[in-house]
Amino acid sequence: MERTYIMVKPDGVERGLVGEIIKRFEAKGYQLTALELMHPTKEHLEEHYCDLKSKSFFPGLIQYMLSGPVVGMVWTGKEAVKTGRKLLGETNPLASLPGSIRGDFAIDVGRNICHGSDTPENAEKEIALWFPRGIKTAKRDKSIDTLIYE
């Protein structure tokens, strides 16, 4: 099974959307394998967003991400990265379809509620960055898997 890293950004936490985001992933059939309310440092955020460092919006992004707590989550299941991004919607919320998290709850790219890993490889890097102590996966009752997977 694949894992993905999903982060509710400060605007999503402040607006009380964490439960709604969890609900949508659980309803899809993904297993929540880690969750933590975090107060990241500037250095931690700069490492997470290092691929965007040369972009003009980078300083504003870091300031926005420092404006409040974030909720980091790891979700596990079949094609968790690809499907997780579909659940989140497009980076630009105005291009997101209704029914997606960003399509339903966001308007501006700079306040798009959540982050989702873009590849399985990046998911594992992000999981290691945000959960450096590792993740102890709870044993899941496999009988529920027969209701989700063939």
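All residue numbers refer to positions in the sequence shown, counting from 1.
Using modelled atom types and a 3.5 Å distance limit, the side chains of T83 and Y30 yield a donor-acceptor pair. No side-chain donor from either of Q31 and T76 sits under 3.5 Å from a side-chain acceptor of the other.
Taking SG from C114 and CD1 from I101, the interatomic distance works out to 5.0 Å, rounded to the nearest 0.5 Å. Atom CD1 of I21 is separated from atom CD of E26 by 12.5 Å, given to the nearest 0.5 angstrom. Distance CD/E124 to OG/S117: 8.5 Å, rounded to 0.5 Å. Expressed to the nearest 0.5 Å, how far OG1 of T33 lies from CE of M1 amounts to 12.5 Å. Rounded to the nearest 0.5 Å, atoms CD1 (I22) and CG (L35) are 5.0 Å apart. In this structure, the separation between NZ on K82 and OG1 on T4 is 13.5 Å, given to the nearest 0.5 Å.
Taking 4.5 Å as the limit, every side-chain heavy atom of K86 sits out of range of all side-chain heavy atoms of K28. Under the 4.5 Å side-chain criterion, counting only non-hydrogen atoms from C-beta, V8 is not in contact with L17. L87 is not listed as a side-chain neighbour of W75, based on a closest heavy-atom distance of 4.5 Å or more. Side chains of R111 and K9 form no contact here, defined as non-hydrogen atoms less than 4.5 Å apart. Using a 4.5 Å cut-off on side-chain heavy atoms (C-beta onward), I107 and P93 make no contact. The shortest side-chain heavy-atom distance between R85 and E90 does not fall under the 4.5 Å cut-off.
With sequence neighbours left out, the ring pair (Phe, Tyr, Trp, His ring centres under 6.0 Å) criterion links F105 to no other residue.
Taking 4.0 Å as the cut-off between side-chain N and carboxylate O, E20 and R24 count as a salt-bridged pair. The existence of a salt bridge linking K78 and E2 is excluded, since no basic side-chain nitrogen approaches an acidic carboxylate oxygen closer than 4.0 Å. Salt-bridge annotation for D108 and R102: absent, with no side-chain N of the basic residue lying under 4.0 Å from a carboxylate O of the acidic one.
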Exercise for the section: Could you walk me through whether D118 and V81 pass the side-chain contact (heavy atoms from CB on, under 4.5 Å) test, one step at a time? Expected result: CA-CA 6 Å; D118 60 351; V81 171; 5.7 Å; no
Exercise for the section: Could you go through the side-chain contact (heavy atoms from CB on, under 4.5 Å) check for H48 and E43 one step at a time? Expected result: CA-CA 9 Å; H48 176 78; E43 294 75 25; over 6 Å; no
Problem - Criterion side-chain contact (heavy atoms from CB on, under 4.5 Å) on E46 and K42, from CA distance to verdict - result: CA-CA 6 Å; E46 287 174 345; K42 181 180 179 192; 3.0 Å; yes
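Summarising the hydrophobic clusters (Ile, Leu, Val, Met, Phe, Trp, Tyr; side-chain heavy atoms under 4.5 Å, direct or chained), the residues clustered with I135 are Y5, M7, M38, L45, Y49, L52, F57, F58, L61, I62, Y64, M65, L66, V70, V74, I127, L129, W130, F131.
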